[in-house]
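Heads up: the structure comes next, in structure tokens.
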Amino acid sequence: GDVDFEDCYYTVYQFEITEKAIENINAFLESLFKDLNINHPQDYNGRSLSASDIVQIGDRYFICQDIGFDEIDTDFNLISKWENIESIVS
């Protein structure tokens, strides 16, 4: 049968962001990845962000890949692919 998005994922951490913070969504996701892996916020008790984790920003969803993030919908269909070129090169 079909997999229900809400049955697979649950909220681990949430915080408010400004529109300005996400003007460059790719830079924001890269920064968030670093924060949730290296510089955990004081009120964050979860594990590090890793492949297959989902980041929700407003009504958009991004799945963490081995390198970068892909935008998906709630049926897990790919909307757009993004890779952090700096991570590939370094």
Side-chain angles (χ1 to χ4, degrees):
D2 291 335
V3 177
D4 186 33
F5 191 79
E6 280 80 27
D7 289 341
C8 295
Y9 290 93
Y10 57 93
T11 301
V12 174
Y13 185 65
Q14 59 186 4
F15 59 95
E16 301 260 338
I17 56 175
T18 65
E19 288 291 322
K20 181 145 182 76
I22 57 171
E23 283 178 355
N24 182 339
I25 196 73
N26 297 336
F28 177 80
L29 289 168
E30 182 179 341
S31 176
L32 181 66
F33 182 85
K34 288 178 184 174
D35 288 345
L36 296 182
N37 281 283
I38 299 169
N39 304 318
H40 289 163
Q42 287 185 351
D43 62 341
Y44 181 70
N45 298 315
R47 61 171 174 67
S48 293
L49 184 63
S50 60
S52 81
D53 288 343
I54 303 284
V55 174
Q56 179 182 357
I57 301 172
D59 60 354
R60 297 172 70 187
Y61 298 88
F62 302 87
I63 189 164
C64 183
Q65 300 293 5
D66 291 336
I67 298 175
F69 290 83
D70 293 337
E71 187 171 4
I72 59 169
D73 64 19
T74 55
D75 291 324
F76 301 99
N77 295 312
L78 180 68
I79 295 173
S80 65
K81 186 168 185 61
W82 172 75
E83 290 186 352
N84 177 355
I85 300 304
E86 285 183 11
S87 294
I88 296 170
V89 174
S90 44

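All values below come from the heavy atoms of this structure, side chains included, with hydrogens, waters and symmetry mates left out.
- If you take OH on Tyr61 and CD1 on Ile72, they are separated by 9.0 Å, rounding to the nearest 0.5 Å.
- The CG atom of Asp35 sits 11.0 Å away from the CD atom of Glu30 when rounded to the nearest 0.5 Å.
- Atom CG of Asn39 sits in a crowded spot, with more than 12 heavy atoms from other residues, nucleotides or ligands closer than 6.0 Å.
- For the atom pair Asn24 CG and Leu29 CG, the distance stands at 9.0 Å (nearest 0.5 Å).
- The backbone N or O of Ala21 lies less than 3.5 Å from no partner atom in the side chain of Glu19, so there is not a single donor-acceptor pair.
- How far CG of Leu32 is from CD1 of Ile57: 7.0 Å, rounded to the nearest 0.5 Å.
- Two residues are said to be in side-chain contact when any heavy atoms from C-beta on lie closer than 4.5 Å; Arg47 and Asp53 meet this criterion.
- Among all heavy-atom pairs drawn from Cys64 and Ser50, the shortest one is CB-O, 3.4 Å.
- When the options Thr18, Asn26, Ile25 are evaluated for a side chain to side chain contact (heavy atoms under 4.5 Å, CB included) with Ile22, the one that passes is Ile25.
- A distance-only check finds no donor-acceptor pair linking the side chain of Asn37 to the backbone of Ser48 [under 3.5 Å].
- Atoms CD and CG, from Gln14 and Asp43 in turn, are 10.5 Å apart once rounded to the nearest 0.5 Å.
- Residue Asp66 comes nearest to Ala51 through the heavy atom pair OD1-CB, 3.6 Å, listed as atom of the first residue, atom of the second, then distance.
- One distance of note links CZ of Phe28 with CD of Glu23; it measures 12.5 Å at 0.5 Å rounding.
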